[in-house]
Peer 1: 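One structure follows; several queries about it will come next.
Chain A is the first sequence line, chain B the second, and so forth, proteins listed ahead of strands; every chain is numbered from 1. Since we're looking at a predicted model, the values are computed, not measured.
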Amino acid sequence: MRNQEVARIFSEIADMLAIQGQDQRRVLAYERAADSIGQLERDVVDMTHEGKLTQIPGIGVTLATKIEELLTTGKLSLHERLKAEIPPGVVEMLQVPDVGPRTAARMWKELGVTSVDELEKAAQSGRIQELSRMGARKEARILEGIQILRRRSGRTPLGIAWYQAYDMLEVLRRVPGVRQAAPAGSLRRMRDTVGDLDLLVAAEEAEPVMACFHQLPQVAEVVQSGPTKTTIRTRQGLQVDLRVMEVGRWGTALQYLTGSQAHNVHLRGLAKDCGYSLSEYALKREDGTEILCPEEADVYRHLGMVWVPPELREDRGEIEAALRGELPRLVERADLKGDLQSHTTWSDGNQSVGEMAEAARSRGLCYILITDHSYGMGIAGGLREADLAGQRAEIAAANARYHDLAVLAGIEVEIRADGTLDFPDSVLASLDLVVASLHTGLRTGRERTTQRILAAIRNPHVDVIAHPTGRLIGQREGADLDMEAILQAAAQEGTAIEINAYPDRLDLPDVYVRRAVELGVKLAINSDAHDVRDLDHLFFGVATARRGWATPEHVVNTWDLERMLSWARSRGN
DNA sequence: GCCGTTTTCGGCCCGACTGTTTTCAGTCG
């Protein structure tokens with residue numbers, strides 16, 4: 001059973017307990033456990049065998065026992081019992097915006113509604129507004145919520161949400177009186193997908209900002225609107241929250257709005273221990289006097305710690321590390337000296353070797369590895385052995401043109417079904433670096449897929465394993481892999497694991513980056529550019545690395561050319 | 001439900017907006 005499955009069951013239990021009106025704390029405990037397991041960098045199965053479940057934040061003895069039951073029997077008695085008591089459609093109703101556990105329970109108990117479809121019928125027939133403390137408006141909201149739910153297409157990839165947020169912020173920044181404007185929420189934490197956009201503006205007056213926000217061309221509908229907070233839905237169906245704050249409260253507001261929820265809860269608990277109450281407005285002493293925090297760092301400083309980079313704010317140990325003053329110096333885009341995966345017209349890229357080289361140079365890189373596909377990737381027009389000489393000539397020509405950029409000869413070689421590679425070792429040895437990946441047979445089972453990758457990791461000519469899980473965000477789950485075995489092997493062999501910066505991939509996913517960093521695995525942040533513009537995606541790859549606590553030292557393409565090549569040569573090239 | 005050099009019991013973050021209400025519950029983040 002995979003972590004996501006355990007997380008889903010716990011989350012369902014939380015929903016069902018909430019519908020039953022049970023203690024909110026108990027509900028929260030299950031929600032927290034679900035979150036924690038969903039973000040776990042280790043296999044929960046392995047953790048169980050090692051007897052380390054209670055080391056997972058939010059997992060105590062009771063929940064650890066439940067996880068064991070789930071993994072041994074494939075079922076959880078509490079879950080089964082709740083499922084027998086509450087119709088599944090009632091739990092589904094929680095997906096409807098503005099329907100929470102109380103409303104769902106009342107619909108079920110008082111109207112006999114047991115599905116979203118029945119809820120819609122009840123609303124259309126006016127039965128909901130007849131209930132006490134319900135009204136026509138609430139009923140209309142529920143109907144609207146059902147429509148939104150049916151249109152909703154899930155979470156938005158970071159690479160798309162990022163540009164949408166910046167387009168809106170660009171306009172808001174020009175409103176007179178605006179001092180600062182920034183993204184917050186999961187977007188600022190650079191999660192691989194975001195559920196909605198959170199924007200924060202500091203301004204002398206809120207009204208003009210809100211007025212401008214309402215009139216943005218992206219707005220399809222204003223969902224709610226108050227003096228300091230407005231929620232809209234864009235034409236693409238993305239929800240955007242805007243909060244406007246006084247200039248002097250920027251620090252607390254940005255901290256609050258960035259989250260994560262778990263990070264904030266922990267931080268506010270800490271504030272309480274220090275005799276403060278922390279909100280988005282200020283740190284408040286017990287006598288009611290406020291300490292304003294114009295900058296985010298002020299908030300952390302008052303609580304006795306250093307500023308925590310947003311990418312780390314998931315309550316995964318960053319607060320403890322910040323209190324000790326031991327946060328890592330995370331890798332930054334400016335640390336990258338090269339890119340180790342790029343495609344050209346020799347396979348499925350849009351530009352020539354020369355054009356890619358120029359684009360890399362103009363983005364401040366000192367080296368770029370040309371990695372066209374090998375022939376096994378037939379759909380991408382992969383290279384045959386005979387093509388390599390011609391490509392090498394182009395690479396040599398590009399090198400002759402620059403004194404400040406090295407164009408390296410590489411390949412993205414296909415890992416075949418049996419774990420062997422498309423090219424013999426003799427060919428691979430002639431290249432500067434070899435990147436290996438699999439594009440087919442991702443669904444052939446955990447054991448087989450893991451073995452294929454392990455074989456490639458152990459090949460001394462292979463320097464980098466590209467997009468290891470093969471996931472395509474929002475389209476395809478990653479392969480079922482024994483990631484722990486893969487990372488252990490990579491650590492032992494010195495093979496680098498790629499963090500593919502393509503916004504659809506961001507693969508290795510952040511939770512495994514964290515584990516890779518713990519194990520001392522070498523990482524490579526690569527654009528996988530098929531077009532010169534794709535080189536800009538490196539930024540998202542860096543963000544993913546940062547979310548996994550990676551420092552420049554972990555990332556081979558922050559190293560200068562000499563050191564990077566000497567590592568590659570030590571691998572057998 | 002979890003968690004702890006204040007505690008093994010008694011805490012567990014804080015506020016905006018909405019709707020149906022004359023003071024607050026529900027939802028959301």
Peer 1: Answer yes or no: are there more than 12 heavy-atom neighbours, outside A:R179 itself, under 6.0 Å from its atom CZ?
Peer 2: no
Peer 1: Taking B:dT6 as the reference, what is the distance to B:dC2 when you measure between their P atoms (whole Å, please)?
Peer 2: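 Roughly 23 Å separates the two P atoms.
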Peer 1: To the nearest Å, give me how far apart CD (A:E320) and P (B:dT5) are.
Peer 2: 11 Å
Peer 1: Work out how far the C1' atom of B:dT21 is from that of B:dG26, and round it to whole angstrom.
Peer 2: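 Rounded to whole Å, the distance is 13 Å.
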Peer 1: Considering only the C1' atoms, how many Å lie between B:dT20 and B:dA25, rounded to the nearest integer?
Peer 2: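 About 10 Å, rounded to a whole number of Å.
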Peer 1: Taking the side chain of A:R243 as its heavy atoms from C-beta onward, which of B:dC12, B:dG15, B:dG1 lies nearest to it?
Peer 2: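 Nearest to the side chain of A:R243 among the choices is B:dG15.
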Peer 1: Step through the shown structure and confirm whether more than 12 heavy atoms of other residues, nucleotides or ligands are within 6.0 Å of CZ on A:R102.
Peer 2: no
Peer 1: Could you work out which one of B:dG19, B:dG15, B:dC14 sits closest to the side chain of A:S277?
Peer 2: B:dC14
Peer 1: What does A:V27 touch in the nucleic acid at a heavy-atom separation under 4.0 angstrom: a base, only the sugar-phosphate, or nothing?
Peer 2: nothing
Peer 1: Checking the side chain of A:Q4 only, and the main-chain atoms of A:G38 only, is there a donor and an acceptor separated by less than 3.5 Å?
Peer 2: yes
Peer 1: Touch check for A:T228, heavy atoms < 4.0 angstrom, all strands: base, sugar-phosphate only, or nothing?
Peer 2: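 Sugar-phosphate, backbone atoms only, no base.
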Peer 1: Which part of the nucleic acid, if any, lies within contact of A:L278, taking any heavy atom under 4.0 Å across all strands shown: a base, the sugar-phosphate backbone alone, or nothing?
Peer 2: sugar-phosphate
Peer 1: Just the rounded figure in Å: distance from C1' of B:dG26 to CG of A:D15.
Peer 2: 16 Å
Peer 1: Between B:dC13 and B:dC17, how far is it from one P atom to the other, in whole Å?
Peer 2: 22 Å
Peer 1: Quote, to the nearest angstrom, the C1' distance that separates B:dG11 from B:dT7.
Peer 2: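 Here B:dG11 and B:dT7 have their C1' atoms 9 Å from each other.
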Peer 1: Evaluate the side-chain proximity of A:L199 to A:D241: yes if any heavy-atom separation is below 4.5 Å, no if none is.
Peer 2: no
Peer 1: How many Å lie between CG on A:L76 and P on B:dG1, as a whole number?
Peer 2: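 To the nearest whole Å, that distance equals 10 Å.
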Peer 1: For a salt bridge (charged side-chain N to carboxylate O under 4.0 Å, His left out) with A:R547, tell me which candidate from A:E41, A:E318, A:E314, A:E311 qualifies.
Peer 2: A:E314
Peer 1: Using purine N1 to pyrimidine N3 plus N6-O4 or O6-N4 for Watson-Crick, or N1-O2 and O6-N3 for G-U wobble, each under 3.5 Å, what pairs with B:dG1?
Peer 2: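 Base-paired to B:dC12.
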Peer 1: Does this structure show an ion pair linking A:D35 with A:R8, if we count only N-O contacts that are shorter than 4.0 Å?
Peer 2: no
Peer 1: Any carboxylate oxygen within less than 4.0 angstrom of a Lys/Arg side-chain nitrogen, looking at A:R141 and A:E144?
Peer 2: no
Peer 1: B:dC2 P sits how many Å from A:H266 NE2, rounded?
Peer 2: 17 Å
Peer 1: In residues 124-135 of chain A, which residues come under 4.0 Å of DNA chain B by heavy atom?
Peer 2: A:R133, A:M134, A:G135
Peer 1: Any donor-acceptor pair under 3.5 Å linking the side chain of A:R471 with the backbone of A:R505?
Peer 2: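 Yes, A:R471 side chain to A:R505 backbone: donor-acceptor pair under 3.5 Å.
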Peer 1: Look at the side chain of A:E139 and the backbone N and O of A:Q129, then say whether any donor-acceptor pair between them is shorter than 3.5 Å.
Peer 2: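 Yes.
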Peer 1: Given B:dG19, is OP1 or OP2 found less than 4.0 Å from the side-chain N or O atoms of A:R141?
Peer 2: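 Checking B:dG19 against A:R141, a side-chain N or O does come within under 4.0 Å of OP1 or OP2.
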Peer 1: Can you measure A:R106 atom CZ to B:dG19 atom P for me and round it to whole angstrom units?
Peer 2: 16 Å
Peer 1: Taking atom P of B:dG15 as reference, at what distance in whole Å does atom NZ of A:K272 sit?
Peer 2: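 Rounded to whole Å, this separation is 10 Å.
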Peer 1: On DNA chain B, does the nearest nucleotide to A:P227 precede the nearest nucleotide to A:Y30 from the 5' side, or the other way round? Give the residue.
Peer 2: A:Y30
Peer 1: Atom pairs, N/O to N/O, protein against nucleotides 27-29 of chain B, distance under 3.5 Å?
Peer 2:
from   : atom 1 : to     : atom 2 : distance (Å)
B:dT27 : OP1    : A:G100 : N      : 2.7
B:dT27 : OP1    : A:G100 : O      : 3.2
B:dT27 : OP1    : A:T103 : N      : 2.9
B:dT27 : OP1    : A:T103 : OG1    : 2.5
B:dT27 : OP2    : A:R102 : N      : 3.3
B:dC28 : OP1    : A:D98  : N      : 3.0
B:dG29 : N2     : A:Y256 : OH     : 3.0
B:dG29 : N3     : A:Y256 : OH     : 3.4

Peer 1: Provide the distance between the two P atoms, one in B:dT8 and one in B:dG19, to the nearest whole Å.
Peer 2: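 B:dT8 and B:dG19 have their P atoms separated by 47 Å.
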Peer 1: Ion pair present between A:E290 and A:K284, side-chain N to carboxylate O less than 4.0 angstrom?
Peer 2: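 Here A:E290 does not pair with A:K284 in a salt bridge, since their nearest N and O are not under 4.0 Å apart.
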Peer 1: Can you classify the ring geometry of A:H263 versus A:Y300 as parallel (below 30°), tilted (30 to 60°) or perpendicular (above 60°)?
Peer 2: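 Answer is tilted, since the angle falls between 30° and 60°.
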Peer 1: Any idea which of B:dC12, B:dG1, B:dG15 is nearest the A:Y281 side chain?
Peer 2: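 Nearest to the side chain of A:Y281 among the choices is B:dG15.
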Peer 1: Which listed nucleotide (B:dC13, B:dT18, B:dC2) is nearest to the side chain of A:T62?
Peer 2: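 Selected nucleotide (nearest to the side chain): B:dC2.
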Peer 1: For the pair made of CG in A:L82 and P in B:dG1, what is the distance, rounded to whole Å?
Peer 2: 10 Å
Peer 1: Taking atom C1' in both B:dT18 and B:dT23, compute the distance separating them and give it to the nearest angstrom.
Peer 2: 15 Å
Peer 1: Can you tell me the distance, in whole Å, between the CE atom of A:M107 and the C1' atom of B:dG26?
Peer 2: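 Whole-Å distance recorded here is 12 Å.
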